[in-house]
There are 2 protein chains.
Amino acid sequence: MQDDHLANMLRALGHPARLNILRILAERQKNCCCADVTQCLPLAQSTVSQHIKVLLEVGLIECRSQGTKNCYVVRPDALSGLQGAFGDLTGELLGAKQE
Amino acid sequence: MQDDHLANMLRALGHPARLNILRILAERQKNCCCADVTQCLPLAQSTVSQHIKVLLEVGLIECRSQGTKNCYVVRPDALSGLQGAFGDLTGELLGAKQE
DNA sequence: TTCATTCATCGTCAAACACCGATATAAGCC
DNA sequence: GGCTTATATCGGTGTTTGACGATGAATGAA
């Protein structure tokens, strides 16, 4: 994974509200729309929508329109890709230290 | 780890220059001062110093003054703590999805 | 058609970020 | 005391972020 992309994903995760949103989406899998998330957080709907947009843009979640509402779901492939890249990074940082 | 702290650490990693700085520090272990890092990057010394400050503030690196120069080193304990918290997070997000 | 629901987007504002050059500050050397 | 080196910090500038309310667009129900 490119450094820029890794940094973008980490930056996207670098806000407590977005961590919460991801957890909410993972928990309520497939039946969670923007309004549901907003109910769980002390934020305005427009603010939640912006946070969701950030997560969409880096590909960590995707949108599945279902009738009148949009269901957001975590993308496992993106998450495991990130997991791998993050593992490489920490391995590099820790590994180089003890050599 | 608190969500806020995790988010702060991820945000600190969420910039390509800081990822580079960490790699440089890990590679040149114990003999890397601010000027050395600056030589490796297309940034001014003051900018590099600020990036280093961000990494210091979240505890990912520490400063060991050696004579006239400051040597910065990656903190393996902080990194493995982050590794653990990140693993918990992705596990939670991925695990909840396939249950 | 009219109304309600859901959501994205717009405009705005204050705060934070990223970058720079310039200026301290502090330590070691001559 | 002066000089160099290494670094932090200051002041400034332009960009981005995070938040909000308000508005628009799309869908489905009455």
Whole angstrom value for the distance that separates [atom2] of [N] from [atom1] of [X]:
X	N	atom1	atom2	answer
B:Gln39	D:dA6	CD	C1'	12 Å
A:Arg64	C:dT6	CZ	P	21 Å
B:Ile21	C:dC19	CD1	C1'	13 Å
B:Lys69	D:dT5	NZ	P	12 Å
B:Asn31	D:dA6	CG	P	13 Å
B:Leu13	C:dC17	CG	P	15 Å
A:Leu10	C:dC17	CG	C1'	17 Å
A:Asn70	D:dA26	CG	P	13 Å

With nearest nucleotides of DNA chain D determined for B:Gln50 and B:Asp36 from heavy-atom distances, which residue corresponds to the more 5′ nucleotide?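 So the residue in question is B:Asp36.
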As a quick check of understanding, evaluate side-chain contact (heavy atoms from CB on, under 4.5 Å) for A:Asp36 and A:Cys33, giving each step before the final call. CA-CA 5 Å; A:Asp36 295 332; A:Cys33 63; 3.4 Å; yes
What's the verdict on side-chain contact (heavy atoms from CB on, under 4.5 Å) for A:Leu43 and A:His51, showing C-alpha distance, side-chain angles and the deciding distance? CA-CA 10 Å; A:Leu43 295 172; A:His51 282 305; 4.2 Å; yes
With sugar-phosphate meaning primed atoms plus P, OP1 and OP2, does A:Ile52 contact a base, only sugar-phosphate, or nothing at under 4.0 Å between heavy atoms? nothing
Identify which nucleotide among [options] has an atom closest to any side-chain atom of [X], counting heavy atoms from C-beta outward.
X	options	value
A:Cys33	C:dC7, D:dT7, C:dT6	C:dC7
A:Cys34	D:dC20, D:dG28, C:dA8	C:dA8
B:Lys53	D:dT9, D:dA6, D:dA8	D:dT9

Would you say [X] places a side-chain N or O within less than 4.0 Å of OP1 or OP2 belonging to [N]?
X	N	result
A:Ser49	C:dA8	yes
B:Thr47	C:dA18	no
B:His51	D:dA8	no
A:His15	C:dA16	no
A:Arg11	C:dC17	no

Any sub-3.5 Å donor-acceptor pair from A:Ser49's side-chain atoms to A:Gln45's backbone N or O? no
Sub-3.5 Å donor-acceptor pair from the side chain of A:Arg75 to the main-chain atoms of A:Glu62, do we have one?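 Absent.
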Qualifying residue, where the test is side-chain contact (heavy atoms from CB on, under 4.5 Å) with B:Gln83 and the options are A:Leu94, A:Leu89, A:Leu93: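 For B:Gln83, the side-chain contact (heavy atoms from CB on, under 4.5 Å) test succeeds with only one of A:Leu94, A:Leu89, A:Leu93, which is A:Leu94.
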When you measure only distances, ignoring hydrogens and angles, does the side chain of A:Gln45 come within 3.5 Å of the base of C:dA8 through a donor and an acceptor? yes
